[in-house]
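Quick note: numbers below take in every heavy atom, side chains included, and nothing from hydrogens, waters or symmetry partners. Nothing here was measured: the structure is a model prediction, and the numbers come from that model. Within every chain, numbering begins at 1; the chains are lettered A, B, ... in the order of the sequence lines, protein sequences first and strands thereafter.
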Amino acid sequence: MADIKMKSVDAVIIGFGWTGAIMAKELTEAGLKVVALERGPNRDTYPEGAYPKSIDELTQNSRHALFQDMSKSTLTIRHKPDDQAAPYRQLAAFLPGTGVGGAGLHWSGCHWRITPEELRIRSHYEERYGKNFIPEDMTLQDWGVTYEELEPHFDFAEKVFGTAGQAYKVNGKVVGAGNPFDADRSSEFPLPPMRNTYSAELFRKAAAEVGYHPFSIPSANASAPYTNPYGCQMAPCTFCGFCSGYACYNYSKASPNVNILPALRLVPHFELRAECNVVEIQTDSTGKKATGVLYVDSQGNRVTQPADLVILGTFAYNNAHMMLVSKIGTPYDPKTGQGTIGKNFCYQNENSVSVFFDNDKYTNPFIGAGGNGVACDDFNADHFDHGPLGFVGGSPLWVNQSGSKPISGVGLPSGTPAWGSAWKKAVKDTYTHVLSMNAHGTNMPFRDCYLDLDPEYTDYLGRPLLRLTFDWHENDIKMIRYAVGKMQKIAEAMNPKAIKVSVKNFGEQFDSRHYQTTHMGGGVIMGDNPATSAVNRYLQSWDVSNLFVVGSSAFPQGLGYNPTGTVAALTYWSAKAIREQYLKNPGPLVRA
Amino acid sequence: MPLSTSVPSRRSFLLGTAAFVPAVALTGGLQRPALAANPGTMLPYTPTFFTPDEWAFVVAFVDRLIPSDAEGPGAVELDVPAFIDRQMGQPYGYGKLWYMHGPFRPAPATLGYQLEFTPRDIYRKGIPAADQAIREAFGKRFVDLDPAGRDQAITRLQEGELKLSPVPAQTLFGEFLKNTQEGYFSDPIHGGNRDMAAWKMIGFPGARADFTDWVDRYGAKYPFGPVSIKDLGA
Ligand SMILES: Cc1cc2nc3c(=O)[nH]c(=O)nc-3n(C[C@H](O)[C@H](O)[C@H](O)COP(=O)(O)OP(=O)(O)OC[C@H]3O[C@@H](n4cnc5c(N)ncnc54)[C@H](O)[C@@H]3O)c2cc1C
Ligand code: SF4
């Protein structure tokens, strides 16, 4: 164990998931010498994804083959600012990634674009519903970037990911039966929509019957052979059903490993170092300039990597953690509302309805793909009149059959005992005759939902853990109850044997014991004012101008859609600003 | 042999025991050819983690969590006890998959597991405490109860009505239930789900993992049986 100092590079990237890989590609294209540091091991389709060993629910999902190593680090959670926090000791509600590819190696593939209104959510709600509509403690704010500015980057990211989907409107012209609520696009999806499962088609039919507007979910699971702009190839998805939480064995699911890394490997001025855990971003004596990073390698050496430019892409809340331990920016204080690091933590507000059919109707839930399915957007974003409803936000509704496996995935009718003969009979009678639909709702930011450093618990290196203070608020419970009520109509239109509705009750607290999603946001949010945001519209730190913080950490509020499509577009948008503006004239890109 | 007697009671268990061999002796050799006719029969297995007393408790417990009956196989005949014993030797058993740094303090249930006990600890400390509490409540050790009595005892653990220390009853019950379902439904390479019988019962095709030609055969039964990673030569 030694102290080592490396030769300086043009840019160092912390974390090699989606954001790190995109930045590495963009910055090396600009000619920069780039080093990427990833805390977890090297990973790829072979060996981690290789068939048949990857088709193993126990090893991959129950025993977390690919997820964050909890023995080394976690975060602590409490519901309210005055509560005592407790460590999130066992993975459950969310499954953060580690290793080359990050969660991008084992995500699902639902690939969305944020709606234009959500990018200017406060302005939009105030314009449509009046100044008093947004509750006082809801810390809603605009992103400082428009859909039109991001559109070319959404478009390019979809081409990199090989996304399969049906466009609705391209350059102002309706081109097909896509999502009629979609904003305008500059081109079609690079691949046609996937075929769908029976469950998803039942949803499509029933949703149309009750007057909604169903469409195929855009999915980064390839619907046909494909070569992306980087020359990386994908093979058609086989609907293997071992997708969410698994590395794809078939080069069909977009990942940093399949869609970007093969191209980066050919770049001589790029280096990827695995098992290098960055402990802090170092700054000079002014605190205004990053000088590089300090990391601990697999041998326990403490290594300094100097760099002119630092990119922080360690996933959502981890970005806030790195900012806090590196003492960059002002920590958020929920009492005064001052400070920005840790502000506006948001999650996904998700509930479901299970639909049970007779024994002669097979839904075969083991058939599926992570991003596959049919959705309707009638109650998402601001596609419906919120005026009389009294809540902010919304929820797409969908059947997203990603493949349910028997250890974790069997939805059983209400009243089924947890064990014994009756349980077994219920599993046997149900497993191939059930479908599950989800309301994948927004979670709005509140003054008392935030991230800071835990005063007590530490990681394996002795650094303080991140502390999450988070609970559901009435606004979000109102919203999800409304959305699930709308979804129940779809379920009933399927003429099922039975349905089971799972929805939050008023007063219900955040429960970390059940998987919800790994879609967290906020903590290092973007905006147009350094008093209320941590990074500017280009994801550049207001405080340290040679530091860019990429990921859903920039989201000022939670989305109905899954985040990665928007994360990827924002990363390309930030990279463009670095390439075209920052490198020519290093310094703040926006004057405070 | 009817189910209720196919699971070793502690007495029959001990009768066959001189040393640590009994788990094998009980289920070994002669019984194997008659497997189909003997629901509840395990393959020979010598536990490496569980002691003979614990093993008898485990076998009897998982047998009630997923009993053998006309609907399909039970946990014992699919070697779930052996699966659990093997898991205790894995990093999982040692709590290596969890954040296990103190202080350990009570917290709202919604914040998840907060005890210092690894899965090995949960069984090692939980089983004797449960057996003691059951003896006090029912006048017999768990393995000496009849199936209905065992079900009552399990229910009282599940509901937390039997007070155990230091491992709470619901923690022990929860660990048993989770591990039993894992052993019942995981790939046979892990030592449970023998002959993929649980998958066959529910219609799960295991590691087939290619439904390109089946995704849009709407409403039809998938006609092929399961395959295991074992069958695929890995
Ligand atoms: C099961 C699952 C399903 C999902 N499905 C979807 C979906 O369908 N659609 C969607 O949009 N999103 C989905 N997501 C979310 C998606 O995976 C993330 O949004 C995406 O991966 C974010 O990219 P990122 O680069 O910000 O983070 P990641 O991809 O997680 O990469 C961050 C990397 O940084 C590394 N790192 C962290 N700290 C350090 C450090 N100190 N030093 C060095 N390296 C560090 C991590 O190990 C990790 O490899 C899913 C996630 C999961 C877990
Ligand atoms: S469902 Fe398709 S994309 Fe997902 S892991 Fe299987 S083959 Fe890959």
Heavy-atom contact with chain A under 4.5 Å, split by part of [X]:
X	answer
B/A75	neither
B/F83	side chain
B/P103	both
B/Y94	neither
B/Q158	side chain
B/R208	backbone
B/M201	both

>> Can you classify the ring geometry of B/Y222 versus A/F366 as parallel (below 30°), tilted (30 to 60°) or perpendicular (above 60°)?
In response: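 Correct class here is perpendicular.
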
Heavy-atom pair with the smallest gap, counting every atom of [X] and [Y]:
X	Y	answer
A/I407	B/S186	CD1-CB, 3.9 Å
A/T458	B/Y99	O-OH, 2.7 Å
B/L111	A/A86	CD1-CB, 4.1 Å
A/K424	B/P67	NZ-O, 2.6 Å
B/L232	A/P52	CD1-CB, 3.5 Å
B/G206	A/I55	O-CG2, 4.3 Å

> Donor-acceptor pair, A/S71 side chain versus B/L97 backbone, under 3.5 Å?
Replying inline: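 It does not hold such a pair.
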
> Any donor-acceptor pair under 3.5 Å linking the side chain of B/E71 with the backbone of A/D429?
Replying inline: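 A pair under 3.5 Å: no.
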
> Can B/H101 and A/D459 be counted as having a side-chain donor-acceptor contact under 3.5 angstrom?
Replying inline: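 Checked: B/H101/A/D459 side chains show no N/O donor-acceptor pair below 3.5 Å.
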
> Do B/Q181 and A/W419 have a side chain donor and acceptor closer than 3.5 Å?
Replying inline: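 No - no donor-acceptor pair under 3.5 Å links their side chains.
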
Can you find a heavy atom in the side chain of [X] that is under 4.5 Å from one in the side chain of [Y]?
X	Y	answer
A/Q90	B/Y113	yes
B/H190	A/D56	yes
A/T432	B/K221	no
B/D210	A/F239	no

> Is the ring centre of A/Y198 less than 6.0 Å from the ring centre of B/Y218?
Replying inline: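 Judged by ring-centre distance (under 6.0 Å), A/Y198 and B/Y218 do meet the cut-off.
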
> Looking at B/Y92, is A/R63 sitting on its ring face, NZ or CZ under 6.0 Å from the six-membered ring centre and within 45 degrees of the normal?
Replying inline: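 Yes, cation above the ring, under 6.0 Å and within 45°.
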
> Should the pair A/K425-B/D69 be classified as a salt bridge under the 4.0 Å nitrogen-to-oxygen rule?
Replying inline: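 A salt bridge is absent here (no side-chain N lies under 4.0 Å from a carboxylate O).
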
>> Between B/E116 and A/R89 (salt bridge meaning N to carboxylate O under 4.0 Å), is one present in this structure?
In response: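 Salt bridge absent between B/E116 and A/R89.
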
> Which answer fits A/D360, side chain, backbone, both or neither, if we ask what part of it has an atom under 4.5 Å from a heavy atom of chain B?
Replying inline: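 When you check distances to chain B, only backbone atoms of A/D360 fall under 4.5 Å.
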
>> Does any backbone or side-chain atom of A/T197 lie under 4.5 Å from a heavy atom of chain B? Answer side chain, backbone, both or neither.
In response: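 Contact with chain B is through both the backbone and side chain of A/T197.
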
> Among A/I367, A/N364, A/N196, whose side-chain contact (heavy atoms from CB on, under 4.5 Å) with B/V215 holds?
Replying inline: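 By the side-chain contact (heavy atoms from CB on, under 4.5 Å) criterion, B/V215 pairs with just one of A/I367, A/N364, A/N196: A/I367.
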
